[in-house]
Amino acid sequence: MKFVSDYIVFSAPSGGGKTTLVNRLAKKYKELVISISATTRPQRPGEVNGKEYYFLSKEKFESAIDKGQFLEYEEVHGDYYGTLKENVDSLTKQGKTVLFDIDVNGAQSIKNKYPDALLIFIKPPSNEELIKRLTARKSETKEKIEKRLQRLKYEYEKAKIFDYIVINDKLDETIKEIEKIILK
Ligand code: ADP
Ligand code: 5GP
């Protein structure tokens, strides 16, 4: 399979469905590999260090920043999140297409570094549905969900710089729509 870019970036408001979508795509196409970010946020039950994220202490994360090891990093919802340069380089060297599940600022940074990168913004069908999905995921407290919702307006404003905006209503249809965009 050939893809339109070596770098495909997905952003969405928290709970928009990007993790679900990139996992489905990476499972279906062996050439697609998800970039594993580093973060200082607490590990959720069921998450494995080195699988969903590299979970780092604030000190370790800041030391990696000082050493210039990040392709991009941001503070999101009060925690650091970043993409390690070495990981991405090693994947593209193996001929893989890299999928990024990162925030809107990170997406912009990737586009600045790799102008050929494809940026896809995933939108939930409505705010009500987003709240429903976030609550059902049970990974955050009410307070944390509130914090994530406060960022919505900013994220929707930033969606303008993306190449495509896809509404994630029915999962199977969303996947088909994304396939139409990313497959050569
Ligand atoms: P994100 O990574 O953008 O924060 P997730 O992929 O974790 O979002 O999705 C948030 C929740 O919504 C998860 O529980 C997931 O199973 C669910 N979800 C994702 N896409 C859909 C969809 N199209 N329809 C219904 N539920 C969905
Ligand atoms: P979560 O805590 O739900 O896993 O992710 C919170 C937010 O951080 C999401 O918007 C996610 O896309 C973003 N994020 C995850 N990894 C990175 C990264 O490496 N860089 C940036 N800029 N954002 C990231």
Side-chain angles (χ1 to χ4, degrees), residues 7-27 34-56 61 64-65 69-88 91 98-114 117 119-141 143-152 154-156 158-159 161-162 165-178:
Y7 307 96
I8 305 177
V9 184
F10 291 88
S11 294
S14 186
K18 57 200 174 313
T19 309
T20 309
L21 293 167
V22 295
N23 284 336
R24 287 269 291 251
L25 290 165
K27 216 170 177 181
I34 303 167
S35 157
I36 301 169
S37 299
T39 185
T40 59
R41 85 140 159 77
Q43 212 164 331
R44 291 178 191 148
E47 283 183 335
V48 178
N49 188 23
K51 189 165 171 251
E52 286 83 5
Y53 284 104
Y54 297 107
F55 293 96
L56 303 184
F61 200 104
I65 295 174
Q69 290 174 345
F70 287 106
L71 191 59
E72 61 78 34
Y73 72 91
E74 293 289 334
E75 217 174 323
V76 187
H77 313 124
D79 285 302
Y80 282 126
Y81 293 83
T83 307
L84 291 157
K85 214 182 282 173
E86 206 178 288
N87 290 353
V88 175
L91 290 173
V98 186
L99 303 183
F100 299 87
D101 165 353
I102 62 179
D103 91 305
V104 287
N105 295 325
Q108 170 118 57
S109 303
I110 297 286
K111 188 82 176 180
N112 292 345
K113 297 224 163 108
Y114 304 116
L119 268 49
I120 302 177
F121 189 86
I122 305 293
K123 260 191 175 176
S126 66
N127 287 357
E128 291 71 32
E129 177 64 21
L130 179 67
I131 293 167
K132 229 164 89 184
R133 288 182 191 172
L134 269 177
T135 312
R137 193 169 70 184
K138 291 196 173 82
S139 53
E140 269 94 10
T141 57
E143 196 189 11
K144 283 232 163 158
I145 291 181
E146 204 46 54
K147 204 167 179 185
R148 283 163 183 256
L149 291 173
Q150 278 167 15
R151 210 163 175 262
L152 268 186
Y154 175 72
E155 289 170 326
Y156 285 171
K158 279 269 176 173
I161 66 149
F162 283 65
I165 296 178
V166 174
I167 312 272
N168 178 23
D169 191 354
K170 300 249 173 347
L171 204 54
D172 288 339
E173 282 165 26
T174 311
I175 292 284
K176 273 190 211 144
E177 203 176 328
I178 294 172

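Just so you know, ligand 1 is whichever comes first in the structure, and atom 1 is the first atom listed for that ligand.
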Just going by heavy-atom distances, which of [options] is nearest to [atom]?
{"atom": "atom 20 (N) of ligand 1", "options": "D172, T20, N168", "answer": "N168"}
{"atom": "atom 14 (O) of ligand 1", "options": "R137, K138, E140", "answer": "R137"}
{"atom": "atom 9 (O) of ligand 1", "options": "S14, P125, G17", "answer": "G17"}
{"atom": "atom 24 (N) of ligand 1", "options": "R133, K132, K170", "answer": "R133"}

Sub-4.0 Å heavy-atom approach of [X] to ligand 2:
{"X": "T83", "value": "yes"}
{"X": "Y53", "value": "yes"}
{"X": "R148", "value": "yes"}

Taking N or O atoms only and a 3.5 Å limit, does D169 qualify as a polar contact for ligand 1?
yes
Considering distance alone, does some N or O of T174 sit under 3.5 Å from an N or O of ligand 1?
no
Is there at least one pair of N or O atoms, one from [X] and one from ligand 2, spaced under 3.5 Å apart?
{"X": "R44", "result": "yes"}
{"X": "S37", "result": "yes"}
{"X": "G82", "result": "yes"}
{"X": "E140", "result": "no"}

Any non-hydrogen atom of [X] lying under 4.0 Å from ligand 1?
{"X": "S139", "result": "no"}
{"X": "I122", "result": "no"}
{"X": "G15", "result": "yes"}

Classify the contact between A136 and ligand 1 as side chain, backbone, both or neither, using a heavy-atom distance cut-off of under 4.0 Å.
neither
Measuring from atom [atom1] of [X] to atom [atom2] of [Y], what distance do you get when rounded to the nearest 0.5 angstrom?
{"X": "I110", "Y": "F100", "atom1": "CD1", "atom2": "CZ", "value": "4.5 Å"}
{"X": "I102", "Y": "Y81", "atom1": "CD1", "atom2": "OH", "value": "12.5 Å"}
{"X": "Q108", "Y": "I161", "atom1": "CD", "atom2": "CD1", "value": "4.0 Å"}

Which of the atoms of ligand 1 are close to [X], meaning less than 4.0 Å from one of its heavy atoms?
{"X": "G16", "value": "3 (O), 8 (O)"}
{"X": "L171", "value": "20 (N), 23 (N)"}
{"X": "P13", "value": "3 (O)"}

Residue and atom name of the nearest protein heavy atom (relative to [atom]), distance in Å to one decimal:
{"atom": "atom 1 (P) of ligand 1", "answer": "K18 NZ, 3.4 Å"}
{"atom": "atom 10 (O) of ligand 2", "answer": "K18 CE, 3.7 Å"}
{"atom": "atom 22 (N) of ligand 2", "answer": "D103 OD1, 2.7 Å"}
{"atom": "atom 2 (O) of ligand 1", "answer": "T19 OG1, 2.3 Å"}
{"atom": "atom 7 (C) of ligand 2", "answer": "V76 CG1, 3.9 Å"}
{"atom": "atom 6 (C) of ligand 2", "answer": "Y81 OH, 3.4 Å"}
{"atom": "atom 20 (N) of ligand 2", "answer": "E72 OE2, 2.7 Å"}

K111 side chain to A117 backbone, donor-acceptor under 3.5 Å:
yes
Would you say T83's side chain and L71's backbone share a donor-acceptor pair under 3.5 angstrom?
no
Looking only at the side chains, is there a donor atom on one of Y154 and D103 sitting less than 3.5 Å from an acceptor on the other?
no
Ligand 2 atoms in contact with [X] (distance to a heavy atom under 4.0 Å):
{"X": "R41", "answer": "1 (P), 2 (O), 4 (O)"}
{"X": "G106", "answer": "22 (N)"}
{"X": "E74", "answer": "22 (N)"}

Between E52 and ligand 2, which residue portion shows a heavy-atom distance shorter than 4.0 Å: side chain, backbone, both, or neither?
neither
Whether K147 and E143 form a salt bridge (side-chain N of Lys/Arg under 4.0 Å from carboxylate O of Asp/Glu) is what I want to check.
no
